[in-house]
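One structure is given here, and the rest of the page talks about it.
Remember, predicted model here, so these are calculated numbers, not experimental data.
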Amino acid sequence: MYTHQLNPYSLISSISLSILFSLFTIGCSNNSENSGKDSDLGKMKEINSPAGSQSAEPYLFTSTEGEVFCLWTERKEDKVNELRFSRLLDGKWEKSKLVARGDNWFVNWADFPAMAVSSQGNMVAHYLAKSGESTYAYDVNIIHSADSGKNWSDAQVLHDDNTQTEHGFVSMFGTTNGRFFLTWLDGRNTAQNQINSHENHNHTAGAMSIRAAYLDSNGQKIEEHELDNRVCDCCQTGTVLTDNGPIVVYRNRSEDEIRDICIVRYEGGKWSSPQVIYPDNWKIAGCPVNGPRVDASGNHLAIAWFSAANDTPQVKIIFSKDGGKSFGKAIRIDHGQPLGRVDIEMLDAETALVSWLESENKTGRIMASIVNKEGKTLQTFTISETSQARASGFPQMTNSKEGIIFAWTQVDSVDDRSIRTALLSYDQFEN
C-alpha cells in the first residue's frame, strides 16, 4: 500500500557512436523482484501542448506552491531560438509566455534549459549562449522575473571565470525563503593553462568540475562553491532540497575513468565530500550523456540512473531514509534494452515512480514503473512510443494535484519536432 504525497520541490565526447550503440542495444534480463503489470497507452490523457511548431527540450517542474510549469525552446527562422514557458491551470496549459530569444545560443538535445519559481513567486531561468568560436565554448545565462514571467531581466552569466569553455547541465529549485539554488558543470579547469619555465612552455588541462550557487530573490548570486573537481563531462546533474539541506547528484569521473553516480550533501553549514551511491564500476572512455535524477520527501530520497557496466545497459533506483548519508540496495527496473534518459518522482517516503526510455523493435518507448524500497515493481506503464534519436531528448515528468504530468519531444522528421504533454491520473494507480 502506498499513499501519494505531493512533493513541491520536486556532446558525446571522445567515445564513438558505434560503441554507444552497442552498449545500448545488448539484451539482458530484468532483475526486479516483481515485473509488475504493463498498462496500455489508453490510460494516458493527452493535454493539448502549449508549445508551437519546431519545439523541443521540454523541462517540467512543480513549484513550492504546487503549481506545474513547462519550459521549452522553439526554433525560429534565421537561426533564432526562443525560450518559452506555460503554467498548467485547471488541467489546461495557459498561453505561452516569452522568456528570451537569441541567435547565438548553444541548443543541445541533452543540455536543456531549466527554470525555478520561489515561494515569493519570483522566477529564474537559464539558457546557454556562445562565448567563443570553439564548438563547446558557451556560458550559462541567468534571467529573472519579478512579475510571474511577464517581464524578464537582461541576462547575466552565472559563473565568473571568463573562460571560453563548456558550462551547462544546470539543475535548480526555488526555496521557501525566496532564494534559488543552482548547480552546473563547469569547464574552467579544462582550459589550456600555460605554465612558464626557463626552457619551455608546458600545457596542461584539467577536468570538468561541478559547482553550486545560491541566488537571492532578485536573481543575484550571493555565494558559490566547487563541489567536485573531477566529474563526467556532459551528464545531467540533479538537485533537491531535503530536511537537512540541498543535495546534488551527478556522474563522477575517476582517474581510471570509472563513471559512477555520486552525491554531495549540505549539512551543518558545509558541503560533504563526494560519495558514490552505488559502485557500478562503469569504466568508459567518454561521456555517456545520461545523468541521474533525484527526488525527496523530507529526508527520504530516491535516485534513478543509467549504467552500462560490463556492457550491460541497466536503469536502477536506490532509496535513502537519512538524506543521502546511506542507501539501501540498488534496484534494477528496466526491461532489458534501456537507453536511459531517466526521471523520478516520489509518491511517498517508500515508493517512487521512475521513467526511462526503452528500445523496442527499432523504436523507443517511454516507460514508467512504480517501485518500492523493498525492490518490488508494483505497476508499469507505457507512456508513449517515441523515437530513439537524440532529437527526442529526455522525457520529463512531475507531480501535480491530479496525477503525474509528462512531457516529451515527438520527432516526426529531422525538421519536424513538437512537444507533447499528458496526464497519468492517480486513480490509474493500483493500491
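- The two residues V276 and P279 make their nearest non-hydrogen contact at CG1-N, 4.0 Å.
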Full working for side chain to side chain donor-acceptor pair (under 3.5 Å) between S369 and T380: CA-CA 4 Å; S369 287; T380 296; 2.8 Å; yes

Steps toward side chain to side chain contact (heavy atoms under 4.5 Å, CB included) verdict (W282, F306): CA-CA 10 Å; W282 187 13; F306 172 84; 3.8 Å; yes

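- Of the possible polar contacts, one joining the S49 side chain to the I419 backbone as a donor-acceptor pair under 3.5 Å is found.
- At distances below 3.5 Å, not a single donor-acceptor pair connects side-chain atoms of T64 with backbone N or O atoms of T175.
- By the 30° and 60° cut-offs, the orientation of the rings of F85 relative to W152 is perpendicular.
- A donor-acceptor pair under 3.5 Å is formed between the side chain of N252 and the backbone N or O of R230.
- When atom types are taken as modelled, the side chain of S209 and the backbone of N229 share no donor-acceptor pair closer than 3.5 angstrom.
- The main-chain N or O of A114 is found under 3.5 Å from a side-chain atom of H126 such that the two form a donor-acceptor pair.
- The existence of a salt bridge linking D186 and R188 is confirmed by a sub-4.0 Å separation between a basic side-chain nitrogen and an acidic carboxylate oxygen.
- Using a 4.5 Å heavy-atom threshold, the side chains of M44 and I383 count as touching.
- At distances below 3.5 Å, at least one donor-acceptor pair connects side-chain atoms of N372 with backbone N or O atoms of K376.
- For F394 and W408, the distance between ring centers is not under 6.0 angstrom.
- In terms of modelled atom types and a separation under 3.5 Å, the side chain of N290 and the main chain of L339 share a donor-acceptor contact.
- Of all heavy-atom pairs spanning A330 and W305, the tightest one is CB-CH2, 4.1 Å.
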CA sep, side-chain torsions, deciding dist, call: K316, D280, salt bridge (Lys or Arg N to Asp or Glu O under 4.0 Å): CA-CA 10 Å; K316 296 178 180 177; D280 288 308; 2.6 Å; yes

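- No salt bridge links K76 with D78; every basic N to acidic carboxylate O contact stays at or beyond 4.0 Å.
- Using a 4.5 Å heavy-atom cutoff, the side chains of N122 and F180 are in contact.
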Verdict with supporting geometry, R417 and E57, salt bridge (Lys or Arg N to Asp or Glu O under 4.0 Å): CA-CA 10 Å; R417 302 179 302 165; E57 292 87 40; 3.6 Å; yes

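- From T242, atom OG1 reaches atom CG of D322 across 10.0 Å, with rounding to the nearest 0.5 Å.
- One side chain, S425 or D427, offers a donor N or O that lies under 3.5 Å from an acceptor on the other.
- Although no hydrogens or angles enter the test, the distance criterion places no donor-acceptor pair under 3.5 Å between the side chain of T351 and the main chain of D348.
- The number of heavy-atom neighbours closer than 6.0 Å to CG of N310, taken from other residues, nucleotides and ligands shown, is 12 or below.
- Residues S96 and S86 bring no donor and acceptor atom of their side chains to less than 3.5 Å of each other.
- In summary, the side chains of T386 and S384 do not present any donor paired with an acceptor at a separation below 3.5 Å, with no hydrogens or angles considered.
- Atom CD of Q54 and atom CH2 of W72 lie 14.5 Å apart (nearest 0.5 Å).
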Stepwise ring-ring contact (aromatic ring centres under 6.0 Å, His included) test for W105 and Y138: CA-CA 8 Å; W105 291 8; Y138 53 89; over 10 Å; no

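- Inspection of the T183 and T239 side chains reveals no N or O donor paired with an N or O acceptor under 3.5 Å.
- Within a 6.0 Å sphere centred on CG of N162, heavy atoms belonging to other residues, nucleotides or ligands number 12 at most.
- The closest donor-acceptor contact from the side chain of Q236 to the backbone of A110 lies under 3.5 Å.
- Considering D111, N141, D161 as possible partners of H167, the one that fulfils the side-chain hydrogen bond (donor to acceptor under 3.5 Å, both in side chains) test is D161.
- Annotation: Y214 is not in aromatic contact with Y266 [ring centroid separation under 6.0 Å not met].
- Between the CZ atom of R341 and the CD atom of E358 there is a distance of 12.5 Å, given to the nearest 0.5 Å.
- Atom-to-atom distance recorded for Y250:OH and L185:CG is 10.5 Å, nearest 0.5 angstrom.
- Using a 3.5 Å distance cut-off with no hydrogens or angles, the side chains of N299 and N244 do pair a donor with an acceptor.
- Taken from CD in Q156 to CD1 in I142, the straight-line distance is 9.0 Å, to the nearest 0.5 Å.
- Using a 4.0 Å cut-off between a side-chain N of Lys or Arg and a carboxylate O of Asp or Glu, K283 and E257 do not qualify as a salt bridge.
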Step-by-step side chain to side chain contact (heavy atoms under 4.5 Å, CB included) determination, D139 to L128: CA-CA 6 Å; D139 293 332; L128 307 177; over 6 Å; no

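- In this structure, L98 and R101 approach most closely via the heavy-atom pair CD2-CD, 4.3 Å.
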Verdict with supporting geometry, W93 and T421, side chain to side chain donor-acceptor pair (under 3.5 Å): CA-CA 10 Å; W93 293 108; T421 61; 3.0 Å; yes

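- With rounding to the nearest 0.5 angstrom, the OG atom of S148 is 5.5 Å from the CE atom of M123.
- Between I263 and V248, every side-chain heavy-atom pair lies at or beyond the 4.5 Å cut-off.
- With hydrogens and angles disregarded, a donor-acceptor distance shorter than 3.5 Å links the side chain of S63 to the backbone of E67.
- Under the 3.5 Å distance criterion, with hydrogens and angles disregarded, no donor-acceptor pair is assigned to the side chains of D256 and S254.
- Taking every heavy atom of both residues into account, R251 and P292 meet most closely at N-CD, 4.3 Å.
- By the neighbour-count criterion of 12 heavy atoms within 6.0 Å, atom NZ of K321 is sparsely surrounded, having that number or fewer from other residues, nucleotides or ligands.
- In plain terms, the two heavy atoms of C234 and E166 that are nearest each other are CB-OE2, 4.3 Å.
- Using a cut-off of 4.0 Å between Lys/Arg side-chain N and Asp/Glu carboxylate O, D233 and R253 are scored as salt-bridged.
- By the 4.0 Å N-to-carboxylate-O rule, R211 lies too far from D228 to be salt-bridged with it.
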Criterion side chain to side chain contact (heavy atoms under 4.5 Å, CB included) on F69 and L60, from CA distance to verdict: CA-CA 6 Å; F69 294 84; L60 275 179; over 6 Å; no

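- A heavy-atom distance below 4.5 Å is not found between the side chains of V140 and V157.
- A salt bridge links R293 to D343: at least one charged side-chain nitrogen sits closer than 4.0 Å to a carboxylate oxygen.
- Here the closest non-hydrogen pair linking A296 and L301 is CB-CD2, 3.6 Å.
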H159 vs W184, side chain to side chain contact (heavy atoms under 4.5 Å, CB included): CA-CA, chis, key distance, verdict: CA-CA 10 Å; H159 37 90; W184 71 96; 4.2 Å; yes

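- Ion pair R84/E82 flagged as a salt bridge, since at least one NZ, NE, NH1 or NH2 atom sits closer than 4.0 Å to an Asp/Glu carboxylate oxygen.
- A donor atom on one side chain and an acceptor atom on the other are found under 3.5 Å apart for E345 and N399.
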